[in-house]
Engineer: 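Next up is a structure, given as structure tokens.
When a ligand or atom number is given, it counts from 1 through the structure's own listing order.
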Amino acid sequence: MSNVLLRDRVSLDGDWNVIVDPYDMGYVGILGDRTNRGFFRDFRPRHPGDRVEYDFDASPTLTVPGDWNTQDERLFYYEGTVWYRRKINVAPGWFEDGRVFLYVGAANHTSRVFLDGEELAIHVGGFSPFAVELTGRLDPGQHSLVIQVDNRREPDRIPAMRCDWWNFGGLTRAVELVSVPKIFLRHAWVTMSPSGAIIGGVEIDGADAPVELSIPACGIDTTVNPGERFEFAASPERWSPGAPVLHDVQWSCEDDQLIDEVGFRTVRTEGEKILVNDEVTFLRGISLHAEATHGGRRSQGADDASELYDHVERLGANFTRLAHYQHDEHMLREADRRGVLAWCEMPVYWSIAFDEPHVLENAIEQLDELILRDRSRASVIFWSIANETPNTPERTAFLSQLASRARQLDDTRLVSAALLTPPTAATDQHVDDPLGAAIDTVAVNQYLGWYYGERSDIATTTWSCPHGKPIIFTEFGAGAKAGRHGRPDEIWTEEFQAAVYEAQLVMINANRSDLGRGPVAGISPWILKDFRAPVRVLPGIQDGYNRKGLLSEEGDEKLAFNVLREFYQ
Ligand code: GCB
């Protein structure tokens, strides 16, 4: 279900009792089969001789939402299963007439949901939301809700065995009960097509019934048919980067009603340019991980989103790359309110099992969960299907299918993927990846002046691709430890990082498509803030952090922050 933030909800956030279960014995028995006496039964001894070898009531707690790694030192590097248990006390009268769903904002990576001992659902994917219907199961009284969360890295998961970020485990986003009427609006979305029409769709659950749609700013007050795409001509005041205008959109169907705030803007490409509201727009971006501005923990919720976008605004960016997975819905709503464009991304990162049909199936599920949730957000202009994947026929076939699926669900936005450039020092960089044919913009992660190439050559480097499409530098950058100073040729100093930015920005200016100088239509340097990554081991410098942030992990600005800020101003 989508539009959950617009609905009546009962929060299940707070302390949950947890059992850490590295061998998964709360689910499987000694011979590897599913046990019937697993932790999900939430048993308590009924008499002194009763053999129950676990006890949620006496077990420690973790705060939900939150990663487990930064809440308990012993779980810092933990990858495995943790069982979460929360009692739900249902008062008489609750949920009597309508339906009720459990909604989990994100649980990394695979989770199973149990209510009163019964297994109800499994969800695969660590960053996208899911709903489980509990209608008829929450009579007045006390209930046991158990969620098994397992963040192991596995070859057939997405992402798979390796990535350059912390594998935060747990119920990392809000967990809520959502009540809706018997017949309800399961999905309802509206946006603006590239030609400026108001388009959208609606799906209802429970019965077939007409849906009323009212958007006063568009002069729309009409009935729309569930399951069909609608399209209306209208000219509302536009949402645009830096000038975010949101309009009331009201949906009603039988007893259900949703009131959303939606912005309308167009986005399209023309040759090597990107046009927003038919104006050629250079993307002044910045990349972000979902990590809070303080404490090196997973970010979640409206407050973290607002703090992250405060920094984005101070930088003067008009675009954010939300890497490398689906971020919290609050991030996109914040971007809508602030007038900042956004790139949403799938966790198809580096090498995954591109030849496994069930992996493609899961990628499609995860993509659906992202697009169905965020299709009405004006800020979102890109669905990105992958980051730095190997150029093989299996990869290209897999990602071409994801690109088609994205367009099937939403053909109003651009589809892209961040590609690997061959790590060469050449000053005429040619990005030739067959995936370029299947996507609307060719996004390139390039590390000239850091992983390869002389800094002195950066400024004169030129870029091309065989597809005649806009190129976006979705990454460039250099590492620096905040507070470390020295000469610009001394690695890890703020001066070194600032000098790489200066050279890159000269080159970027000389290749900008909005100025008619080349194919580069935008940038989102890597990255706003230092972020945790277990692969970053250099003592005294990295200490478990990727140091390419413009801000330290505590939000202190490095010199490069101002270099980019001045460029954006
Ligand atoms: C990349 C990856 C990103 C890494 C970054 C780095 O190309 O896309 O996830 O964190 O480089 O710092 O090396």
Engineer: Counting only heavy atoms, which portion of Trp450 has something under 4.0 Å from ligand 1: side chain, backbone, both, or neither?
Structural biologist: neither
Engineer: Counting only heavy atoms not in Glu73, do more than 12 fall under 6.0 Å of its CD?
Structural biologist: no
Engineer: Relative to the ring of Phe476, is the ring of Phe473 parallel (under 30°), tilted (30 to 60°) or perpendicular (over 60°)?
Structural biologist: perpendicular
Engineer: Tell me: protein heavy atom nearest atom 4 (C) of ligand 1, and distance?
Structural biologist: Asp164 OD2, 3.2 Å
Engineer: Could you name the option among Glu475, Arg547, Arg536 that has the heavy atom nearest to atom 11 (O) of ligand 1?
Structural biologist: Glu475
Engineer: Under a 4.0 Å threshold between the charged nitrogen and the carboxylate oxygen, would Glu369 count as salt-bridged to Arg373?
Structural biologist: no
Engineer: Does the distance from a Lys or Arg side-chain N to an Asp or Glu carboxylate O, for Arg532 and Glu291, drop under 4.0 Å?
Structural biologist: no
Engineer: Give a yes or no on this: more than 12 heavy atoms of other residues, nucleotides or ligands lie within 6.0 Å of atom CD of Glu490.
Structural biologist: yes
Engineer: Taking atom 13 (O) of ligand 1 as the point of reference, which of Trp526, Tyr451, Tyr447, Trp350 owns the nearest heavy atom?
Structural biologist: Tyr451
Engineer: Taking only heavy atoms of Glu388 into account, list the atoms of ligand 1 that are under 4.0 Å away from them.
Structural biologist: 1 (C), 2 (C), 7 (O), 8 (O)
Engineer: With heavy-atom distances below 4.0 Å as the criterion, list the atoms of ligand 1 near Phe531.
Structural biologist: 10 (O)
Engineer: What I want to find out is whether Glu553 reaches Arg547 closely enough, with some N-O distance under 4.0 Å, to be called a salt bridge.
Structural biologist: yes
Engineer: Counting each atom of ligand 1 from 1 as listed, which ones have a heavy atom of Asn546 under 4.0 Å away?
Structural biologist: 6 (C), 10 (O), 12 (O)
Engineer: Show the atoms of ligand 1 that are less than 4.0 angstrom away from any heavy atom in His324.
Structural biologist: 3 (C), 8 (O), 9 (O)
Engineer: Tell me whether Arg321 is salt-bridged to Glu475, with the criterion being a basic N under 4.0 Å from an acidic carboxylate O.
Structural biologist: yes
Engineer: With a heavy-atom distance limit of 4.0 Å, tell me whether Asn387 approaches ligand 1 through its side chain, its backbone, both, or neither.
Structural biologist: side chain
Engineer: Looking at atom 12 (O) of ligand 1, what's its closest protein heavy atom, distance included?
Structural biologist: Lys548 NZ, 2.6 Å
